[in-house]
Structures are given as C-alpha cells and as structure tokens.
Amino acid sequence: QVQLVESGGGLVQTGGSLSLSCAASGSIRSINTMGWYRQAPGKQRELVARIDSLGSTDYADSAKGRFTISRDNAKNTVYLQMNSLKPEDTAVYYCNANIRTVILYQPYWGQGTQVTVSS
C-alpha cells in the first residue's frame with residue numbers, strides 16, 4: 001500500500017504565496033519522478049511541475065518564474081512553492097509520483113488540495 005498525503009492548500013490573495021507539500025509512505029522501494037498537477041473547474045488536469053530523482057525539473061509555461069518544485073528524497077516528499085499567485089491558479093492541486101513497490105514503477109496520486117486565489 002502506498003499513500004500520498006498533501007498539505008498546504010488554502011485561500012490567498014492575488015500576488016500572495018502558498019507552499020504545498022506531499023509525502024509518500026508505504027511499501028516504497030524507490031521513486032523516480034514526482035510532480036504536481038492541477039485541475040480547475042470544467043478543465044482537464046494539467047501538469048504544473050515535475051522533478052526527477054536527480055533533481056531535474058520541468059515546468060508548465062504558466063508556472064515558470066513563479067513556482068519552484070523541490071524534493072527531499074530521504075523523506076519521500078515533494079514541495080511546490082508558489083509565488084505571485086494569480087486568480088487563474090485557482091484549482092485543485094494533485095501530487096503525483098512514480099513509485100516502485102516490487103518490480104515496476106506505477107503512478108500514484110494524492111487526494112488533492114484546493115488552492116484558491118482571490119482577486
């Protein structure tokens with residue numbers, strides 16, 4: 001059993017900052033890519049940022065320059081620091097991780113955390 005538990009969402013004004021974290025636990029042998037996705041009402045889930053086990057990162061254009069993804073491999077935790085937030089960042093943010101429990105890597109998702117940016 002693997003669980004991803006997210007924390008840190010909430011309500012913030014335009015221009016404010018929020019920090020999200022996601023901790024993976026359970027029968028984990030290794031984790032390669034970890035990332036954050038978001039889904040706004042009526043829209044498809046989209047990638048925000050991801051980071052591999054060596055620290056290489058990839059950002060959506062909308063996140064570049066404002067968001068920073070990082071991870072602590074010893075804690076199986078991924079973070080997302082979000083600055084200069086805009087109303088269009090409002091969405092449910094989901095943590096994702098590719099985790100090997102036995103042989104193969106499989107994707108796991110967190111339960112989601114709401115981020116609301118007021119104008």
Can you run down the side chain to side chain donor-acceptor pair (under 3.5 Å) pairs that involve residues 1-14, sequence neighbours left out, and say none if there aren't any?
S7-S21

For residues R100 and S30, is any side-chain donor paired with an opposing acceptor at under 3.5 Å?
yes

Ignoring hydrogens and geometry beyond distance, is a side-chain donor-acceptor pair present between T33 and N98 at under 3.5 Å?
no

Are side-chain heavy atoms of V92 and T113 found at a separation under 4.5 Å?
no

Can you tell me if N76 uses its side chain to pair, donor with acceptor, with the backbone of I31 under 3.5 Å?
no

Apply side chain to side chain donor-acceptor pair (under 3.5 Å) to S53 and N32, showing your working.
CA-CA 5 Å; S53 59; N32 52 25; over 6 Å; no

Determine the minimum heavy-atom distance between S62 and R38, stating which atoms define it.
OG-NH2, 3.3 Å

So among I28, L4, N96, which one has a side-chain contact (heavy atoms from CB on, under 4.5 Å) with Y108?
L4

Within a strict 4.5 Å, meaning less than it, do heavy atoms of the R50 and Y37 side chains meet?
yes

Of all the heavy-atom pairs spanning L11 and S118, show the shortest one and how long it is.
CD1-CB, 4.3 Å

Those residues that, when tested against Y94, pass ring pair (Phe, Tyr, Trp, His ring centres under 6.0 Å) (two or more places apart)
none

For residues 74-119, which residue pairs pass the disulfide (SG to SG under 2.5 Å) check, not counting sequence neighbours?
C22-C95

Does any N or O in the side chain of T90 come within less than 3.5 Å of the main-chain N or O of V117, such that one atom is a donor and the other an acceptor?
yes

Looking at L54, is its backbone amide N or carbonyl O close enough to the side chain of S56 to form a donor-acceptor pair, meaning the two atoms are under 3.5 Å apart?
no

